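Quick note on labels: first sequence line is chain A, next is B, and so on, each numbered from 1. What you see is a predicted model; the values in this text were computed from it and never measured.
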Protein chains: 2
Amino acid sequence: MTDQPVPTTAAGEATTARGEQTRQLILETAMRLFRERGYARTTMRAIAQEAGVAVGNAYYYFGSKERLIQEFYNRTQREHLAAARPVLDRESDFAARLAGVLHAAIDVLTPSHDFAASFFKVAAEPSSPLSPFSPESAGPRQASIDLFAEVLTGSTAKVDPELRPHLPELLWLAYMGTVLYWVYDRSPGQARTRTLINGAVPLIDRLVTLSRLRVLRPVTRQIIDLVRALRH
Amino acid sequence: MTDQPVPTTAAGEATTARGEQTRQLILETAMRLFRERGYARTTMRAIAQEAGVAVGNAYYYFGSKERLIQEFYNRTQREHLAAARPVLDRESDFAARLAGVLHAAIDVLTPSHDFAASFFKVAAEPSSPLSPFSPESAGPRQASIDLFAEVLTGSTAKVDPELRPHLPELLWLAYMGTVLYWVYDRSPGQARTRTLINGAVPLIDRLVTLSRLRVLRPVTRQIIDLVRALRH
DNA sequence: GTCGATATTTGAACACGTTCAAGTTGGGGG
DNA sequence: CCCCCAACTTGAACGTGTTCAAATATCGAC
């Protein structure tokens, strides 16, 4: 009853210099073709041919076509962390930090918008290791959550102490929502996503501030309880 | 640069009694096999063989394997509307109505959880006509939003008049989020999703009520402005 | 009843992702 | 210098979704 034949086995890391070189060659070729033609229209045969290797060789390093996407995912994540760094070093205002980190993510993603949609389709599969909620993604996911923890800790924001430990994960969730919106965003240059960020960040900022208000305490508590109940 | 070769042409509706019968036969067979073996492991050849027709015949009525999923989608949607009806006729409390409608959706979906994941993968593709945000889904989407409008209008809830016109769509969005959670929910019987509904509904109810409060007016206004800005 | 048009049905052929048994290569130990 | 083994490379073959030209069935007009 389980679906989707399990993606083939493990790593595929090169162990020699020659191998590493081939691996990189295939990867670069694939990324170029994905960008040029889109994911679906790039065949494994085409990648192999353009890279000047046999199709089986591509499978030696990347167990499947999806694995190539995994590589894109990792690369993007690293670039995001790097792009967010200057913002975190510069700003101390919570809203500015959050907006900066979110805009940085979209900056990094923008050149790949067209084929990122295909990437998204694969990641959406709940059983896929590429899903942001999968155990296999635990590493990158935690790195991402840590980033939002830093958004918070480095800021001057005053937060309800009960809410604080949960906030990084909630911000990460908002980040996922933003990316989701971006994937579906058909406006030129994904301008709508920028609007979303610019509108949502002050809103989040205000809500976080208000969470300490007496009238809202019960609501805050209610949210925290829900998060706790869902986390196990 | 556009991805995914466009799904083949239009309808495929039968125009004769004979055709309609064949169409139904193929559809029932497909649904049975999907449930028995999962989506990925059910081949078009198997469907055709079990239904006793040629593989090309299945393609005559359903332009692609994904189209068969479309049919599942429509069917589920109809069942949801039907399952929600008694609740709406019975309850007048906003929270009870909302919880009832959401639980009804999960009730309808539960038997298909295993293969609904595959369905979801397809629907996630932004360019797919099955995406809940696609123009092709406008009909079913509106029907769904109307359902949440009825959740509201039939209730005794007092809502900020500025917020009210936007609330059905926001509730629909929350519904989409719930389904998203359900798809990824691996807990036995998707019990976690029930927890989510039972926790989120009172929260939403309270927030809706609080939206009329003086301190929260600016926040409410801010949300409305954002929704407006994103809607065009 | 016969004919033509339209609806339906067929299955071989194609393109693509993936597998795998059979090579080839390169370098470290003798 | 040669041998051996693991690392790497190859491409034919398989299963699958999809297409399409050709065959067949149905029905209303005459």
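- For B/Asn57 and C/dT8, the shortest distance from a side-chain N or O to OP1 or OP2 is not below 4.0 Å.
- Computed from coordinates, the A/Phe62 CZ to C/dT19 P distance equals 15 Å when rounded to whole Å.
- A salt bridge links A/Glu71 with A/Arg23; the closest basic N to acidic carboxylate O contact falls under 4.0 Å.
- Residue A/Phe72 forms a ring pair (Phe, Tyr, Trp, His ring centres under 6.0 Å) with just one option from A/Phe34, A/Phe119, A/Tyr39, and that option is A/Phe119.
- When heavy atoms are screened at a 4.0 angstrom cut-off, A/Gly56 is found touching base atoms of the nucleic acid.
- Summarising the geometry, the separation between NZ on B/Lys65 and C1' on D/dT16 is reported as 8 Å, rounded to the nearest angstrom.
- A straight line from CD of B/Gln21 to C1' of D/dT26 spans 14 Å, rounded to a whole angstrom.
- Taking 4.0 angstrom as the limit, B/Tyr61 places a side-chain polar atom (N or O) nearer than this to OP1 or OP2 of C/dT9.
- Comparing B/Thr16 and B/Arg45 against DNA chain C, the residue whose closest nucleotide sits nearer the 5' end is B/Thr16.
- Here D/dT9 presents its P atom at 18 Å from CD of A/Gln49, a figure rounded to the nearest Å.
- A/Arg228 contributes atom CZ, which lies 11.5 Å from atom CG of A/Leu226 (distance to the nearest 0.5 angstrom).
- In this structure, A/Val53 reaches the sugar-phosphate backbone alone: every heavy-atom distance under 4.0 Å involves primed, P, OP1 or OP2 atoms, never a base.
- One finds a side-chain N or O of B/Tyr60 lying less than 4.0 angstrom from the OP1 or OP2 phosphate oxygen of C/dT8.
- Salt bridge absent: B/Asp114 and B/Arg37 never bring a charged side-chain N and a carboxylate O closer than 4.0 Å.
- In this structure, A/Asp107 pairs ionically with A/Arg194, as a charged nitrogen and a carboxylate oxygen lie closer than 4.0 Å.
- A close approach under 4.0 Å does occur between a side-chain nitrogen or oxygen of B/Thr22 and OP1 or OP2 of C/dT9.
- Put simply, CZ on B/Arg23 is 16 Å from P on C/dA7, counting in whole angstrom units.
- Of all nucleotides listed (C/dG17, D/dG17, C/dG11), D/dG17 comes nearest to the side chain of B/Tyr59.
- The distance from atom CG of A/Leu33 to atom P of C/dC16 is 13 Å, rounded to the nearest whole Å.
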